[in-house]
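Working notes for the structure below.
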Amino acid sequence: MGINSNNRARTVGRWVISGPLALIAALLAMAASPLFLPKGNAGVDNIVMPIVLFPLYWAATFFYSVLDERVWRAGLVLVGLTGTCGFVVFRAVTGA
């Protein structure tokens, strides 16, 4: 009894979405967070909080991608999150 090609493609897709794509989405969400978090009294809260919250960002993206019943929907959500956060970081870095 082997795994048919549909289940294999689904497993590989879920692995790619919940592994590298979830990590990249969490990293870009962490990089974009200082742009919308308020500065604290010392002026460093918007820099420290994303680092502290990174495990939460990663856990949210990972568990969403694993627990969603439709692999393609989880992929689209994570690609959208990655694209949005990447665009925000790009605009902040280039000053455009």
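Throughout, residue positions are numbered sequentially from 1 according to the sequence presented. Since we're looking at a predicted model, the values are computed, not measured. Hydrogens, waters and symmetry mates play no part in the numbers below; they use all other heavy atoms, side chains included.
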What one should report as the nearest heavy-atom pair of R14 and V66 is NH1-O, 3.3 Å
Find the distance between CZ (F63) and OG (S18) and round it off to the nearest 0.5 Å.
-> 10.5 Å
Contact summary for R10 and E69, nearest pair of heavy atoms | NH2-O, 2.9 Å
Between CD1 on residue I17 and OH on residue Y64, distance to nearest 0.5 Å | 9.5 Å
State, yes or no, whether a side-chain contact exists between W58 and L27 at a heavy-atom distance under 4.5 Å.
-> no
Is the shortest heavy-atom distance from the side chain of L37 to the side chain of P50 under 4.5 Å?
-> yes
CZ/R91: more than 12 non-hydrogen atoms of other groups inside 6.0 Å | no
Specify the closest pair of heavy atoms between D68 and A74, including all atoms of both residues, with the distance to one decimal.
-> OD2-N, 3.4 Å
Do L56 and M30 belong together in a cluster built from hydrophobic side chains that touch within less than 4.5 Å?
-> yes
Can you tell me how far the OH atom of Y57 sits from the CD1 atom of I51, to the nearest 0.5 Å?
-> 11.0 Å
Taking every heavy atom of W15 against every heavy atom of P20, the minimum-distance pair comes out as O-CD, 3.8 Å
Specify the closest pair of heavy atoms between S65 and L78, including all atoms of both residues, with the distance to one decimal.
-> CB-CD1, 3.8 Å
Do L67 and L21 share a hydrophobic cluster, counting only Ile, Leu, Val, Met, Phe, Trp and Tyr and linking them when any side-chain heavy atoms are less than 4.5 Å apart?
-> no
Which heavy atom of A22 sits nearest a heavy atom of T61, and at what distance?
-> O-OG1, 3.2 Å
Connected via hydrophobic side-chain network under 4.5 Å: M49 and F36 | yes
In Å, rounded to the nearest 0.5 Å, how long is the span from CG of L23 to OG1 of T82?
-> 10.0 Å
How many angstroms lie between CG in L35 and SG in C85, if you round to the nearest 0.5 Å?
-> 9.5 Å
